[in-house]
*Asks:* 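Before I ask anything, let me first share the structure, which is written out below as structure tokens.
What you see is a predicted model; the values in this text were computed from it and never measured.
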Amino acid sequence: MARTKAPPNMFTLSEDQIAIRDMARDFANEQIAPYAVEWDEKKHFPVEQLRAAAALGMGGIYVKEDVGGSGLTRLDAALIFEQLATGCPGTSAYLSIHNMSTWMIDRFGDDAQRRKWVPRLASMEHFASYCLTEPGAGSDAAALKTKAVRNGDHYIVDGQKQFISGAGSSDIYVVMVRTGGDGPKGISTLVIEAGAPGLSFGANERKMGWNVQPTRTVTFEGVRVPVENRLGEEGEGFRIAMAGLDGGRLNIGACSLGGAQAALEKALSYMRERKAFGKRLDEFQALQFRLADMATELECARTFLWRAASALDAKAPDATQLCAMAKRIATDRGFEVANDALQMHGGYGYLADYGIEKIVRDLRVHQILEGTNEIMRLIVARALIAQGN
Ligand SMILES: Cc1cc2nc3c(=O)[nH]c(=O)nc-3n(C[C@H](O)[C@H](O)[C@H](O)COP(=O)(O)OP(=O)(O)OC[C@H]3O[C@@H](n4cnc5c(N)ncnc54)[C@H](O)[C@@H]3O)c2cc1C
């Protein structure tokens, strides 16, 4: 009998993947972790370190090599974002949004567009933002109202985007706009460059976490955008936006795993040192059981995220559902593990110097953005019900 080709073993990383993972962890240990608490306090956006990450190939991880990308897989990207997030989830998460936006141009742009924008994004000479959410359209993104009206070889764009990561600092904005009627089919995607007349930004939002990256509103008032800046055809913008989010959700899930892993490691070393009732904390069985549960939950989430990443790499028909499931599990479990690690530090966990409370604050938003975890359930449930009909 002919031997069938062995399926890729998702439970064992290849030598190359181990090298990629270790490179990202070393980078996080040396260039991110020592500064993360200070960056958070000062609301410092670490542009220099992001460019250093790009110099190692992390600016366009799953972008094609002919335009400066690294040509790696979604699973490789998940390994990288998890490791970077052990240093700072907020920094890793911005890089994930930059990668998502850059990939959208690489994947849906024509040759001229790819060559014009992607090389400087992959090197992070330029930074990118993803602009979908509006003040009146969050979970129901297809209700967006930012209008792009065709005028000769330009669109005139008017409207506002809300909660845009990197806004004001980014050079390239991948913007979902309405060029047609109501609903998803009336949406198109435009690339809008910083400095365009009529493009302006709100104040940096004061927020619970993710203080290492700016979040601002983006306002368009009569912004003239060349038609040649449109990705794909008119009406394809919602599909493009959702395709970006499949990978974006894996990346955010990976950032939660990394933050939680760092919190777990901090708890372990703290429990070795700290004594109560004449014993080290790690000698109490109740705490040992909790540690075991934390590690188990994290490993389950990680294994599932890798499965979803492999499905996206393989363009599996159920990849969107698997990415939604993975995002929910990884961000929920990640937050819970980080919060448990804070509890194990007692009062010290609440102090900024221990670095735990920042992780908890950073991970909380991963349950909200790139689609809330309620919307992840909606995606899964709709697919189940559709299969049943
Ligand atoms: C720090 C930060 C950074 C962000 N960065 C970006 C970015 O870079 N680009 C971008 O485009 N957006 C970004 N977002 C926006 C984010 O994606 C939205 O906040 C998110 O999608 C939720 O939308 P909303 O806030 O309008 O909540 P709403 O849609 O108003 O939802 C409110 C609540 O109702 C629930 N809900 C809504 N509809 C349903 C339903 N049908 N069934 C069950 N529950 C439902 C939601 O889950 C949520 O709990 C960011 C947000 C934050 C906080």
Side-chain angles (χ1 to χ4, degrees), residues 24 32 39 45-47 49-51 53-54 58-63 69-70 74 77-78 80-82 84-85 87-108 117-118 120-134 138 141 161-176 189 191-192 194 201 204-205 207 209-218 231 240-259 309 312 323 327 330-331 362-372:
I32 301 179
W39 292 344
F45 188 39
V47 168
Q49 285 75 9
L50 286 164
R51 290 202 170 119
M58 295 185 266
I61 299 168
Y62 44 93
V63 159
S70 296
R74 305 299 183 137
I80 289 172
F81 290 121
E82 174 174 352
L84 293 181
C88 173
T91 301
S92 186
Y94 171 73
L95 194 64
S96 90
I97 294 169
H98 170 87
N99 268 271
M100 170 172 71
S101 310
T102 303
W103 174 81
M104 287 164 72
I105 301 176
D106 181 43
R107 168 67 184 78
F108 296 101
W117 289 307
V118 178
R120 274 180 286 182
L121 291 169
S123 68
M124 293 194 82
E125 185 188 330
H126 284 170
F127 285 31
S129 287
Y130 173 92
C131 306
L132 179 66
T133 307
E134 298 185 355
K161 296 290 173 179
Q162 176 83 4
F163 293 125
I164 303 307
S165 303
S169 299
S170 286
D171 307 273
I172 297 292
Y173 296 83
V174 179
V175 188
M176 273 45 78
T189 301
V191 175
I192 302 185
F201 306 100
N204 189 6
E205 302 285 1
K207 51 194 193 289
W210 271 32
N211 288 318
V212 295
Q213 49 162 310
T215 309
R216 302 174 194 269
T217 56
V218 179
L231 299 181
I240 293 173
M242 295 302 116
L245 282 179
D246 280 342
R249 287 172 182 153
L250 292 175
N251 299 343
I252 283 296
C255 291
S256 288
L257 297 178
L312 192 58
C323 290
K327 191 267 183 184
T331 59
D362 278 353
L363 295 200
R364 183 63 182 85
V365 79
H366 298 186
Q367 296 171 296
I368 296 172
L369 45 69
E370 310 247 342
T372 66

*Asks:* Taking side chain to side chain donor-acceptor pair (under 3.5 Å) as the definition, give me every residue that meets it alongside N99, ordered by chain and number, with sequence neighbours left out.
*Replies:*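 Here no residue qualifies.
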*Asks:* Please report the C-alpha distance between M124 and L95 in whole Å, then the side-chain angles of each, then the deciding distance to 0.1 Å, and finally whether the side chain to side chain contact (heavy atoms under 4.5 Å, CB included) criterion is met.
*Replies:* CA-CA 10 Å; M124 293 194 82; L95 194 64; 3.4 Å; yes
*Asks:* Let's go through S101 and I172 carefully: what are the C-alpha distance in whole Å and the side-chain angles of both, what is the deciding distance for side chain to side chain contact (heavy atoms under 4.5 Å, CB included) to 0.1 Å, and is it a yes or a no?
*Replies:* CA-CA 9 Å; S101 310; I172 297 292; over 6 Å; no
*Asks:* Contact between I105 and V191 at the side-chain level, heavy atoms closer than 4.5 Å - yes or no?
*Replies:* yes
*Asks:* Would you call V118 and T102 a side-chain contact if the rule is heavy atoms closer than 4.5 Å?
*Replies:*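 Yes - at least one pair of side-chain heavy atoms lies under 4.5 Å apart.
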*Asks:* Please report the closest heavy-atom contact between A194 and Y173, naming both atoms and the distance.
*Replies:* CB-CE1, 4.2 Å
*Asks:* S129: what forms a side chain to side chain donor-acceptor pair (under 3.5 Å) with it, not counting sequence neighbours?
*Replies:* S170
*Asks:* Name all residues meeting the side-chain contact (heavy atoms from CB on, under 4.5 Å) criterion together with A122; count only those two or more places apart in sequence or in a different chain, and write none if there are none.
*Replies:* none
*Asks:* Please identify each residue that fulfils side-chain contact (heavy atoms from CB on, under 4.5 Å) with R364, with sequence neighbours left out.
*Replies:*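 Expected list: M208, F335, Q367, I368.
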*Asks:* For a quick test of reading the model, state the closest non-hydrogen atom pair linking D362 to C88 and the distance between them.
*Replies:* OD2-SG, 4.4 Å
*Asks:* Indicate yes or no: does E370 engage R249 in a salt bridge with an N to O separation below 4.0 Å.
*Replies:*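 Judged by the 4.0 Å cut-off on N to carboxylate O distance, E370 and R249 do not form a salt bridge.
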*Asks:* Please report the shortest heavy-atom distance between H98 and H126, naming the atom on each side.
*Replies:*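 Heavy-atom minimum between the residues: CE1-O, 3.3 Å.
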*Asks:* If I compare all heavy atoms of E134 with all of K161, which pair ends up nearest, and what's the gap?
*Replies:* OE2-NZ, 2.9 Å
*Asks:* Taking only residues two or more places apart in sequence or in another chain, which ones pass salt bridge (charged side-chain N to carboxylate O under 4.0 Å, His left out) with D246?
*Replies:*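 Salt bridge (charged side-chain N to carboxylate O under 4.0 Å, His left out) list for D246, sorted by chain: empty.
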*Asks:* For F45, which residues count as a ring pair (Phe, Tyr, Trp, His ring centres under 6.0 Å) partner, sequence neighbours excluded?
*Replies:*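 In terms of ring pair (Phe, Tyr, Trp, His ring centres under 6.0 Å), with neighbours along the sequence ignored, F45 is linked to Y94, F127.
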*Asks:* Is it the case that the side chain of Y130 and the backbone of A241 share a donor-acceptor pair, with hydrogens and angles ignored and the cut-off at 3.5 Å?
*Replies:* yes
*Asks:* Are the side chains of M104 and I240 in contact, using a 4.5 Å heavy-atom criterion?
*Replies:*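 Contact flag for I240/M104 side chains = yes.
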*Asks:* Mind listing the closest non-hydrogen atom pair of T331 and G253 along with its distance?
*Replies:* CG2-CA, 4.1 Å
*Asks:* Roughly how far, to the nearest 0.5 Å, is CD of E82 from CG of L257?
*Replies:* 5.0 Å
*Asks:* How long is the span from the CG atom in L84 to the CD1 atom in I32, to the nearest 0.5 Å?
*Replies:* 5.0 Å
*Asks:* How long is the span from the CD1 atom in I80 to the OG atom in S96, to the nearest 0.5 Å?
*Replies:*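 I80 CD1 to S96 OG: 12.0 Å, rounded to 0.5 Å.
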*Asks:* Got a sec, which residues hit ring pair (Phe, Tyr, Trp, His ring centres under 6.0 Å) with W210, two or more places apart in sequence or on another chain?
*Replies:* H366
*Asks:* Mark yes or no for whether S92, through its side chain, and P89, through its backbone, hold a donor-acceptor pair below 3.5 Å.
*Replies:* no
*Asks:* What's the separation between atom OG in S169 and atom CG in L50, rounded to the nearest 0.5 Å?
*Replies:* 10.5 Å
*Asks:* Apply side-chain contact (heavy atoms from CB on, under 4.5 Å) to A77 and list each qualifying residue two or more places apart in sequence or on a separate chain.
*Replies:*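 By the side-chain contact (heavy atoms from CB on, under 4.5 Å) rule, A77 matches I61, Y62, F81, N251.
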*Asks:* To the closest 0.5 Å, what do you measure between CG (L250) and NZ (K327)?
*Replies:* 11.5 Å
*Asks:* Determine whether Q213 and W39 satisfy the following criterion, side chain to side chain contact (heavy atoms under 4.5 Å, CB included), listing intermediate values before the conclusion.
*Replies:* CA-CA 9 Å; Q213 49 162 310; W39 292 344; over 6 Å; no
*Asks:* What I'd like to find out is whether the side chain of F163 reaches to under 4.5 Å of the side chain of L369, using heavy atoms alone.
*Replies:*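 F163 vs L369: side chains apart.
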*Asks:* Does anything in residues 89-106 pair up under salt bridge (charged side-chain N to carboxylate O under 4.0 Å, His left out), and if so which pairs, sequence neighbours excluded?
*Replies:*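 The answer is K64-D106, D106-R114.
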*Asks:* So, R120 side chain and E125 main chain: donor-acceptor pair closer than 3.5 Å or not?
*Replies:*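 Looks like no, no N/O pair under 3.5 Å.
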*Asks:* According to side chain to side chain donor-acceptor pair (under 3.5 Å), who are the partners of Q162, at least two apart in sequence or on a separate chain?
*Replies:*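 Side chain to side chain donor-acceptor pair (under 3.5 Å) list for Q162, sorted by chain: empty.
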*Asks:* Sequence neighbours left out, what passes side chain to side chain donor-acceptor pair (under 3.5 Å) with T215? Give chain and number order.
*Replies:*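 Counting only residues at least two positions away or on another chain, T215 forms a side chain to side chain donor-acceptor pair (under 3.5 Å) with K207.
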*Asks:* Between C323 and L312, what is the shortest heavy-atom contact and its length?
*Replies:*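 Reported closest heavy-atom pair: SG-CD2, 4.1 Å.
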*Asks:* Check the pair M100, L245 against side chain to side chain contact (heavy atoms under 4.5 Å, CB included), reporting the backbone distance first and the verdict last.
*Replies:* CA-CA 7 Å; M100 170 172 71; L245 282 179; 4.0 Å; yes
*Asks:* Measuring only between side-chain heavy atoms, which start at C-beta, is M242 closer than 4.5 Å to L132?
*Replies:*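 Yes, at least one pair of side-chain atoms sits under 4.5 Å.
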